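For reference, the structure is listed below as structure tokens.
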Amino acid sequence: MYHVFLMYKKPEKSNRICGYLRLSGCKVLEGELCKAAECEEMIQESDLVLIHHGQAEECIEICEYLRMFTQIPIIVLSERDDEWEKIRLFQAGLDDYIVEPFSQGELIARIQAHVNRYRRLTRPFGYIENKSLVIESLDRRVLLSGVEIFMTVKEFDLLLYLARRPNQVITKEEIYTEVWKDEMGEGYYNAVAAYINRIRKKIEADPGNPQYIETVWGIGYRFRRNEENE
């Protein structure tokens with residue numbers, strides 16, 4: 001799920017765009033161009049900003065303002081195909097400029113491309129994505145299809161440890177030593193298995209047939225990485 005912040009000049013002209021986004025599975029927050037400062041917190045929680053039908057100078061000011069506190073992608077939707085306006089907006093920090101009329105499919109494809117590129121670039125700084133699962137190591141958050149999943153400290157540490165070693169078979173002994181930081185006692189084997197089961201119940205659609213954390217019988221576990229996310 002993508003979180004899009006839609007900024008508009010006239011809300012009635014942006015209803016169609018908002019409908020496109022929601023039908024495509026995006027979570028949409030809205031705000032007027034003239035009230036950007038009041039929406040800063042919501043913008044920081046979004047994946048992308050979409051500016052619809054602002055005047056050239058107004059859009060430039062918004063882009064410059066947004067670039068003061070965020071690097072998320074910014075797309076402008078405009079009825080004007082003006083080269084000089086595009087140049088000035090790109091210089092102000094814009095990522096893409098789409099001229100109307102455009103298809104719903106093109107808009108969604110561009111949003112997906114920009115968000116996915118941004119996520120790939122920021123992943124080394126604490127962002128791991130696998131299918132619909134997102135792990136934010138710096139903020140210690142786990143999201144599944146855009147919904148935050150509560151994790152205890154130990155559950156998060158265990159999931160992150162496995163996710164940072166995708167497609168590798170990790171023994172239970174290694175997991176216990178690195179995550180629990182304790183000497184192995186008699187109960188380590190059951191402790192690891194119990195926590196894996198708890199995590200699966202939270203992130204797997206079918207815990208009995210896991211898609212993320214796979215059991216390698218007699219050895220340990222493997223975090224299955226979806227190659228499409230590379």
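Side chains are part of it too, since the values below use all heavy atoms of this structure and drop only hydrogens, waters and symmetry mates. Throughout, residue positions are numbered sequentially from 1 according to the sequence presented. From a predicted model like this one, the values you see are computed outputs, not experimental measurements.
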Checklist entry - Any side-chain heavy-atom pair from I149 and L143 closer than 4.5 angstrom? => result no
Checklist entry - In the single-linkage hydrophobic clustering (I, L, V, M, F, W, Y; side-chain heavy atoms under 4.5 Å), do F102 and L23 co-cluster? => result no
Next on the checklist: Can you give me the closest heavy-atom contact between A191 and Y176, atom names plus distance?
Outcome noted: CB-CE1, 4.2 Å
Checklist entry - Taking the six-membered ring of Y161, is the NZ or CZ of R165 close enough (under 6.0 Å from the centre) and on axis enough (within 45°)? => result yes
Checklist entry - Quick one: does D82's side chain have a donor or acceptor within less than 3.5 Å of a partner on E85's backbone? => result yes
Checklist entry - Would you say R222's side chain and V216's backbone share a donor-acceptor pair under 3.5 angstrom? => result no
Next on the checklist: Within this structure, what is the CG-CD1 distance for the pair L21 and I108, rounded to the nearest 0.5 Å?
Outcome noted: 5.0 Å
Item to check | Sub-4.5 Å side-chain heavy-atom contact between F156 and R141 | outcome: no
Checklist outcome for this item: d(L159 CG, I128 CD1) to nearest 0.5 Å is 8.0 Å
Next on the checklist: I'd like to check the salt bridge (charged side-chain N to carboxylate O under 4.0 Å, His left out) partners of R140; sequence neighbours left out, ordered by chain and number.
Outcome noted: D157
Next on the checklist: Please check this pair: side chain of N167 against backbone of R224, looking for a donor-acceptor N/O pair closer than 3.5 Å.
Outcome noted: no
Checklist entry - Does the side chain of T171 reach to within under 4.5 Å of the side chain of Y221, using non-hydrogen atoms? => result no
Checklist entry - Any side-chain donor paired with an acceptor under 3.5 Å for Y212 and S132? => result yes
Checklist entry - How about I175 and Y195: do any of their side-chain heavy atoms sit closer than 4.5 Å? => result no
Checklist entry - Checking side-chain contact (heavy atoms from CB on, under 4.5 Å) for the pair R88/E57: CA distance, chi angles, key distance, verdict? => result CA-CA 9 Å; R88 294 177 66 200; E57 294 301 325; 2.7 Å; yes
Next on the checklist: Membership question, hydrophobic clusters at under 4.5 Å side-chain separation (ILVMFWY): are Y118 and M42 in the same one?
Outcome noted: yes
Next on the checklist: Students often mix this up, so state it plainly: with edges at 30° and 60°, are the rings of F69 and Y65 parallel, tilted or perpendicular?
Outcome noted: perpendicular
Next on the checklist: Quick one, E30 and M7 - any side-chain contact, counting heavy atoms below 4.5 Å?
Outcome noted: no
Checklist entry - Are any of the side-chain heavy atoms of T215 and R200 separated by less than 4.5 Å? => result yes
Item to check | Under 3.5 Å side-chain donor-acceptor pair for S78 and Y97 | outcome: yes
Checklist entry - Do Q211 side-chain atoms and N209 backbone N/O form a donor-acceptor pair below 3.5 Å? => result yes
Next on the checklist: For R16 and E100: C-alpha separation, side-chain torsions, deciding distance, then whether salt bridge (Lys or Arg N to Asp or Glu O under 4.0 Å) applies.
Outcome noted: CA-CA 12 Å; R16 176 175 57 90; E100 293 193 278; 2.7 Å; yes
Next on the checklist: Grouping I, L, V, M, F, W and Y whenever their side-chain heavy atoms are under 4.5 Å apart, do V153 and M151 come out in a common cluster?
Outcome noted: no
Next on the checklist: If you define the side chain from C-beta out and look only at heavy atoms, does anything of I43 sit under 4.5 Å from E40?
Outcome noted: no
Checklist entry - Does K86 reach the main-chain N or O of D81 with its side chain, forming a donor-acceptor pair under 3.5 Å? => result no
Checklist entry - What are the two closest non-hydrogen atoms of P207 and P210, and how far apart are they? => result O-CD, 3.5 Å
Checklist entry - Going from CD1 on I199 to NZ on K154, what distance comes out if it is rounded to the nearest 0.5 angstrom? => result 11.0 Å
Checklist entry - Checking side-chain contact (heavy atoms from CB on, under 4.5 Å) for the pair L77/I51: CA distance, chi angles, key distance, verdict? => result CA-CA 6 Å; L77 307 178; I51 301 175; over 6 Å; no
Next on the checklist: Would you say that H3 contacts L29 through its side chain, given a criterion of any heavy-atom pair below 4.5 Å between the two side chains?
Outcome noted: no
Item to check | Residues E45 and K27 bridged, charged N to O under 4.0 Å | outcome: no
Checklist entry - Do you reckon V99 sits in the same ILVMFWY cluster as F90, going by side-chain contacts under 4.5 Å, direct or chained? => result yes
Checklist entry - Pairs in or reaching into residues 62-76: which pass salt bridge (Lys or Arg N to Asp or Glu O under 4.0 Å), with residues at least two apart or in two chains? => result R67-D95
Checklist entry - Among the clusters formed by ILVMFWY side chains lying less than 4.5 Å apart, do V49 and M68 turn up in the same one? => result yes
Next on the checklist: Please determine whether side-chain contact (heavy atoms from CB on, under 4.5 Å) holds for the pair L162 and I196, giving the CA-CA distance in whole Å, both sets of side-chain angles, and the decisive distance to 0.1 Å.
Outcome noted: CA-CA 10 Å; L162 293 174; I196 291 291; 3.9 Å; yes
Item to check | Residues in salt bridge (charged side-chain N to carboxylate O under 4.0 Å, His left out) contact with E106, at least two apart in sequence or another chain | outcome: R110
Checklist entry - Atom OG of S46 and atom CG of L50: how far apart are they, to the nearest 0.5 Å? => result 11.0 Å
Checklist entry - Just how far is it from atom CG of D47 to atom CD1 of I111, taken to the nearest 0.5 Å? => result 10.5 Å
Next on the checklist: Would R22 and C18 count as a side-chain contact (heavy atoms from CB on, under 4.5 Å) here? Give the steps.
Outcome noted: CA-CA 6 Å; R22 288 180 172 143; C18 189; 3.1 Å; yes
Item to check | R198/E204 ion pair, N-O < 4.0 Å | outcome: no
Checklist entry - Looking at CD1 of I74 and CZ of F5, how far apart are the two atoms once the value is rounded to the nearest 0.5 Å? => result 12.0 Å
Checklist entry - Would you say T70's side chain and I72's backbone share a donor-acceptor pair under 3.5 angstrom? => result yes
Checklist outcome for this item: In short, G31 meets C39 closest at the heavy-atom pair CA-SG, 4.2 Å
